[in-house]
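What follows is a single structure, written as structure tokens, with notes after it.
Start at 1 with the first residue, then count along the sequence. Model, not experiment: these values are computed from the prediction.
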Amino acid sequence: MLASLRTAAVFGVEACPVHVEVDVSFGFPTFTVVGLPDTAVRESGERVRVAIRNSGFEYPPHRITVNLSPADVRKGGASFDLPIALGILAASGVVERRHIPDRVLLGELSLDGSIQPMRGVLPIAAAARRDGLAGLLLPVGNASEAAIVAGLEIVPVASLADAVRALNDPAGVRAAAAGLPKPAAVATDPSSPPGPPGLPDLADVRGQLLARRAIEIAAAGGHNLLLVGPPGGGKTMMARRLAGVLPPLSFEEALEVTAVHSVAGLLPPGAGLQTTRPFRAPHHTISNAALVGGGSQPRPGEVSLAHHGVLFLDEMLEFSRHVLEVLRQPLEEGRVAVARAARTAIFPARFMLVGAMNPCPCGYANDPTRECRCTPSLFARYQDRLSGPLRDRLDLTVDVPALPIDALSDSTCGEPSSAVRARVVAARARQAARYAGLGITINAELTTPLMTRCCAIDRAAMSVLHAAVKKLSLSARGYDRVRKVARTIADLAGDDRLTADHVAEALQFRMSS
């Protein structure tokens, strides 16, 4: 007897439909899987056999052949356990329907027949809706995630026995789907909704007005930021408070962030739509593949996990230079392409890069209170770890000096994150309105043609900019990035045109580099 079912495989952040064909025929008892399976899929035979028996069903003592098509796509992971088990039971007559072409079946089986959550459900649900399928039958722990995609009938099951009952009883299927909780809504009100709870507040920061201003500009325009200063100046403290001043995710951004975290397996069981912007801070011993993604079955790296959020590199120059250099292309293109022999996986990677570094190996160069012990050659080698092309992609560089004791002992709180966040949200609302229908939402994404069209600049500002280009020997990229930062400063001020003051402030942060 032959049974045919649907499931899916995930490659990158895209889902590939997979047809599962199970043939149970007379012959010597064997279990064979064909269709380019990996080790986890080949091992499914033992899990499926024991799970079927422990669920109270009879495992057929016959020759079982499982075909996973298309045969040229590698199948990885244990999510094929449930469709294979249901295919065996359908071919044996336990499941009344031998052909189930309208529903995607997903789930990893435990030996007792229970079904474990899996990764990558959101892209699979989106693909199922795109293909016009009725719905998904999947683990209970993934139900809220799948319910984010509207127009699908989601059937959560906890065990293999539950899955058999759901397929044999369509009324039960509808009842189970009706009881599924709705996904959480995402705030899209541009009037500065409250920030995520539990985040550190900028009010804790004493002094450092220039660095606070740089953080506000970076958050408003999505710009890259580098904080330079001696140990204990507050670089890390301020960078970690950046997350509290960023605006909320839009629904489309939340979908993309949730999809990346789903593919990476970082969504906890029962989690729905991610509503907060990610903040990733990898250790300086990270490898290339962990930073940008990779592996035989490509997984997203830290740059993709920071999509629509912040990638913070603390002690930036302690990262290997070749690790830092792989950031150059994602910073320009907003995506990562991981090429493999069979196909190329594309991961989104539109993030804010925030770095913190000491000015020299000992940390006290230009410090008026402590003597720097670094030799000129040691200082030069340290600075060379950050290449010119990468430094050119950092829109704002700001010095964070050590604070005097009277500033540290001052009990007056600084401006809270909520006040800064209100200005940032207002500035981003201006950008969203200006770029409506152009395919971008923030100033950091501006291209040269759009800059000419959307960044009106007066004659005095252009004179200041041209003089700075000659004096500072700015590259074409640096010239464009100064204009983007000036555009953000104007948005924070509520101005439509770039003036000399806006350009001068943007150049102040460029001269520090």
Ignoring hydrogens and angles, tell me if any N or O in the side chain of [X] forms a donor-acceptor pair with the backbone of [Y] under 3.5 Å.
X: Lys235; Y: Gly229; value: yes
X: Asp131; Y: Leu133; value: no
X: Asp314; Y: Thr236; value: no
X: Arg280; Y: Leu311; value: no
X: Arg481; Y: Arg393; value: yes
X: Arg428; Y: Gly221; value: no
X: Glu145; Y: Asn142; value: no
X: Gln431; Y: Asn443; value: yes
X: Arg385; Y: Arg321; value: no
X: Arg206; Y: Asp204; value: yes

Residue pair [X] / [Y]: nearest heavy atoms and the distance that separates them:
X: Leu136; Y: Leu106; answer: CD2-CD1, 3.9 Å
X: Gly135; Y: Leu152; answer: CA-CD2, 4.1 Å
X: Pro361; Y: Cys374; answer: CD-SG, 3.5 Å
X: Ile440; Y: Tyr435; answer: O-CB, 3.3 Å
X: Arg421; Y: Pro248; answer: NH2-CD, 3.6 Å
X: Cys455; Y: Leu446; answer: SG-CD1, 3.7 Å

>> With a 4.0 Å cut-off on N to O distance, would you call Arg350 and Glu256 a salt bridge?
In response: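 No salt bridge links Arg350 with Glu256.
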
> Does the distance from a Lys or Arg side-chain N to an Asp or Glu carboxylate O, for Arg430 and Asp496, drop under 4.0 Å?
Replying inline: yes

Sub-4.5 Å side-chain heavy-atom contact between [X] and [Y]:
X: Ile217; Y: Phe509; result: yes
X: Leu378; Y: Arg381; result: yes
X: Phe251; Y: Leu273; result: yes
X: Ser387; Y: Leu324; result: no
X: Val10; Y: Ser79; result: no
X: Leu122; Y: Gln274; result: no
X: Asp399; Y: Asn366; result: no
X: Ser287; Y: Val323; result: no

> With respect to Arg241, which candidate in Val205, Ile215, Leu199, Val420 satisfies the side-chain contact (heavy atoms from CB on, under 4.5 Å) definition?
Replying inline: Val205

>> Quick check on side-chain contact (heavy atoms from CB on, under 4.5 Å): which of Leu331, Leu225, Leu226, Val354 does Leu394 satisfy it with?
In response: Leu226

>> Can you tell me how the ring of Phe279 sits relative to the ring of Phe312, calling it parallel under 30°, perpendicular over 60° and tilted otherwise?
In response: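 Phe279 vs Phe312 ring planes: tilted.
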
>> Between Ser304 and His307, is there a side-chain donor-acceptor contact under 3.5 Å, judged purely by atom types and distance?
In response: no

> Run the side-chain hydrogen bond (donor to acceptor under 3.5 Å, both in side chains) check on Thr258 and His261 step by step: do they pass?
Replying inline: CA-CA 5 Å; Thr258 306; His261 283 71; over 6 Å; no

Gap separating the [atom1] atom of [X] from the [atom2] atom of [Y], nearest 0.5 angstrom:
X: His466; Y: Leu474; atom1: NE2; atom2: CG; value: 11.0 Å
X: Tyr382; Y: Met357; atom1: OH; atom2: CE; value: 5.0 Å
X: Asp395; Y: Lys484; atom1: CG; atom2: NZ; value: 7.0 Å
X: Glu302; Y: Leu291; atom1: CD; atom2: CG; value: 7.0 Å
X: Arg391; Y: Thr397; atom1: CZ; atom2: OG1; value: 6.5 Å
X: Leu353; Y: Leu390; atom1: CG; atom2: CG; value: 7.0 Å

> Checking side-chain contact (heavy atoms from CB on, under 4.5 Å) for the pair Asp480/Arg477: CA distance, chi angles, key distance, verdict?
Replying inline: CA-CA 5 Å; Asp480 283 346; Arg477 181 187 291 111; 5.9 Å; no

>> Pair Asp491, Arg423 - check salt bridge (Lys or Arg N to Asp or Glu O under 4.0 Å), show working.
In response: CA-CA 9 Å; Asp491 287 333; Arg423 296 194 295 268; over 6 Å; no

[X] atom [atom1], over 12 foreign heavy atoms within 6.0 Å:
X: Glu371; atom1: CD; answer: no
X: Gln116; atom1: CD; answer: yes
X: Arg453; atom1: CZ; answer: no
X: Asn288; atom1: CG; answer: yes
X: Arg370; atom1: CZ; answer: no

>> Run the side-chain contact (heavy atoms from CB on, under 4.5 Å) test on Phe347 and Val260 for me, step by step, so that the C-alpha distance in whole Å, both residues' side-chain angles and the decisive distance to 0.1 Å come before the verdict.
In response: CA-CA 8 Å; Phe347 295 107; Val260 173; 5.9 Å; no

> Under the salt bridge (Lys or Arg N to Asp or Glu O under 4.0 Å) criterion, do Arg213 and Glu415 qualify, and how do the steps go?
Replying inline: CA-CA 11 Å; Arg213 175 63 172 170; Glu415 189 178 29; over 6 Å; no

> Run the side-chain contact (heavy atoms from CB on, under 4.5 Å) check on Arg119 and Val263 step by step: do they pass?
Replying inline: CA-CA 5 Å; Arg119 63 181 182 88; Val263 169; 4.0 Å; yes

>> Using side-chain contact (heavy atoms from CB on, under 4.5 Å), reason through Met451 and Arg487 one step at a time and then give a plain yes or no.
In response: CA-CA 9 Å; Met451 210 176 305; Arg487 178 66 267 173; over 6 Å; no

